[in-house]
Amino acid sequence: MAKAKKNKLAFPVGVIAAVLAVIGLITVIRFSADTVKNLADNSAEKAEFEKLLAPVVMFDPDPFDDLTQADVSQLLNSAVWALLMSDEGADKYPYSEGENIGIIVPQADIEKYFTGLFGNEIDIASMHSSLDMSEYDISYDAALKSYILPITGIESAYTPKVYDIEKQGSSLILSVGYIGNKAWVQVADGEFAAPEPDKFMKITLRERDGGRYISSIQATDVQEVIGTTQRRENPTEITTLPVETESTTAPITTAVPITDEDGEEVTDENGDTVTEYVTVVPETTAETDSTTDSEETTEEE
């Protein structure tokens with residue numbers, strides 16, 4: 001009986017396979033660690049974008065697909081408030097003693113915040129004298145090359161909440177909720193419910209010199225934002241929605257009034273009913289399957 005020949009390559013191949021397996025395991029561990037880190041860092045990134053968007057969203061500028069279509073006076077007003085809300089603030093600027101009372105801010109300072117928010121696609125330096133800022137109680141002094149800003153406080157219309165960040169090439173698409181200026185509503189036993197966004201916008205940020213600027217603000221569908229948020233922020237809580245067939249029904253998202261412990265609808269300080277968005281999947285599939293099973297059982301009998 002012939003003896004089986006030993007394969008001299010078996011041992012080296014086995015060693016190489018083991019090494020590759022270890023390398024693969026390390027790669028998976030690193031990938032998992034990076035993924036967890038990215039998820040943990042996501043909230044900080046959203047907070048950073050919310051700070052950037054605050055002086056823009058607060059006055060609810062008209063949507064635009066491109067900066068060339070934007071109302072420049074609205075953008076300039078956002079730049080003014082970005083300056084006033086900054087760490088520098090308005091303390092270092094003098095007060096005017098002329099006909100227009102307010103803070104005298106050099107146009108160069110406002111240009112700095114304008115380009116910080118909206119880049120340099122708009123030549124704001126050449127437009128100061130042609131812009132009408134009276135709607136915002138802001139006047140321009142050509143002799144001083146400065147703006148005179150009102151010293152009275154202004155109540156913002158909205159504050160931003162970033163729900164999702166989507167990367168497209170070098171740009172970022174933010175799904176942003178516009179939360180109206182209304183008080184938090186007490187619902188029961190000292191607990192408070194945060195106000196829901198009044199509307200949603202898609203805000204595109206383009207990359208420039210290591211930073212980002214706003215290039216478009218577009219209206220978006222509520223369901224699109226909610227679906228994106230569920231998919232990206234709470235992947236473990238996702239329920240697979242049924243595909244629409246003859247025996248299934250598509251999920252429905254609707255606004256439902258929030259009630260207190262006595263069953264009364266909760267209202268805000270303006271007397272408006274406070275609502276929350278709820279997605280409901282009609283339970284028709286189970287009934288259809290049950291009917292089908294019953295029919296099959298009857299036929300077999």
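Bear in mind that the values here come from a model prediction, so they are computed numbers and not experimental data. Scope of the values below: all heavy atoms of this structure, side chains included, with no hydrogens, waters or symmetry mates.
More than 12 heavy atoms of other shown residues, nucleotides or ligands fall within 6.0 angstrom of atom CG in Leu144. Shown here is Gln69, whose CD atom has more than 12 heavy atoms of other residues, nucleotides or ligands within 6.0 Å.
Separating the CD atom in Glu111 from the CG atom in Asn120 is a distance of 12.0 Å, to the nearest 0.5 Å. For the atom pair Ile124 CD1 and Leu75 CG, the distance stands at 8.0 Å (nearest 0.5 Å). A distance of 9.0 Å separates CE in Met127 from CG in Leu76, rounded to the nearest 0.5 Å. Summarising the geometry, atom CG belonging to Asn77 is positioned 11.5 Å from atom CG belonging to Leu131; distances are rounded to the nearest 0.5 Å. Note that OG1 of Thr204 and CD1 of Ile217 are 9.5 Å apart. Values are rounded to the nearest 0.5 Å. Once rounded to the nearest 0.5 Å, the distance linking CG of Asp60 with OH of Tyr158 reads 5.0 Å.
The two residues Asp65 and Ser216 make their nearest non-hydrogen contact at O-CB, 3.3 Å. Closest of all the heavy-atom pairs between Ser156 and Thr159 is OG-CG2, 4.5 Å. Nearest heavy atoms, Leu117 versus Leu52: CD2-O, 3.5 Å. When every heavy atom of Gly177 is checked against every heavy atom of Phe200, the shortest pair comes out as CA-CD2, 3.7 Å. Here the closest non-hydrogen pair linking Ile138 and Pro150 is CG1-CD, 3.9 Å. The minimum heavy-atom distance between Pro55 and Met85, with the atom names listed, is CB-SD, 4.0 Å.
Under the 4.5 Å side-chain criterion, counting only non-hydrogen atoms from C-beta, Arg206 is not in contact with Leu172. Residues Ser175 and Lys202 meet the side-chain proximity criterion, which asks for heavy atoms closer than 4.5 Å. In this structure the side chain of Ile203 reaches within 4.5 angstrom of the side chain of Ile214, judged on heavy atoms. Using a 4.5 Å cut-off on side-chain heavy atoms (C-beta onward), Tyr93 and Pro106 make contact. Under the 4.5 Å side-chain criterion, counting only non-hydrogen atoms from C-beta, Pro63 is not in contact with Gln218. Side chains of Val105 and Ile110 form a contact here, defined as non-hydrogen atoms less than 4.5 Å apart. Proximity of Glu45 to Ile165: side-chain heavy atoms (C-beta onward) are separated by under 4.5 Å at one or more points. Residues Phe49 and Val176 form no side-chain contact, since every pair of their non-hydrogen atoms from C-beta on lies 4.5 Å or further apart.
At a threshold of 4.5 Å between side-chain heavy atoms, the hydrophobic network of Ile, Leu, Val, Met, Phe, Trp and Tyr places Phe64 and Val57 in one connected group. In terms of hydrophobic clustering, with Ile, Leu, Val, Met, Phe, Trp and Tyr side chains grouped at heavy-atom distances under 4.5 Å, Phe118 and Ile173 are assigned to different clusters.
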Give the intermediate values and the outcome of side chain to side chain contact (heavy atoms under 4.5 Å, CB included) for residues Asp164 and Glu166. CA-CA 7 Å; Asp164 185 67; Glu166 178 184 354; 4.1 Å; yes
For Asp198 and Ile179: C-alpha separation, side-chain torsions, deciding distance, then whether side chain to side chain contact (heavy atoms under 4.5 Å, CB included) applies. CA-CA 6 Å; Asp198 292 342; Ile179 300 179; over 6 Å; no
May I have the step-by-step check of side chain to side chain contact (heavy atoms under 4.5 Å, CB included) for Tyr178 and Met201, ending in yes or no? CA-CA 8 Å; Tyr178 279 44; Met201 293 286 184; 3.4 Å; yes
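Checked against side-chain contact (heavy atoms from CB on, under 4.5 Å), Thr115 has the following partners two or more places apart in sequence or in another chain: Arg208. With sequence neighbours excluded, no residue forms a side-chain contact (heavy atoms from CB on, under 4.5 Å) with Asp91.
Remark: side-chain polar atoms of Glu50 are paired, donor with acceptor, to backbone N or O of Val162 under 3.5 angstrom. When atom types are taken as modelled, the side chain of Glu121 and the backbone of Leu67 share no donor-acceptor pair closer than 3.5 angstrom. Without hydrogens or angle criteria, Ser96 side chain to Gly102 main chain gives a donor-acceptor distance under 3.5 Å. Remark: the backbone N or O of Gly211 is not paired with any side-chain donor or acceptor of Asp209 at under 3.5 angstrom.
Relative ring orientation between Phe59 and Trp81 is described as tilted, the plane-to-plane angle lying within the 30° to 60° band.
Checking Tyr213 against Glu207 by side-chain atom types alone, no donor-acceptor pair falls below 3.5 Å. For the residue pair Tyr140/Ser129, the side-chain donor-acceptor check at 3.5 Å is not satisfied. If you check the side chains of Tyr147 and Asp109, you find no donor sitting under 3.5 Å from an acceptor. Gln74 and Tyr136 are not linked by any side-chain donor-acceptor pair at a separation below 3.5 angstrom, with hydrogens and angles left out of the test.
Cation-pi geometry between Lys161 and Tyr163 is met: the NZ or CZ atom falls under 6.0 Å from the ring centre, inside 45° of the normal.
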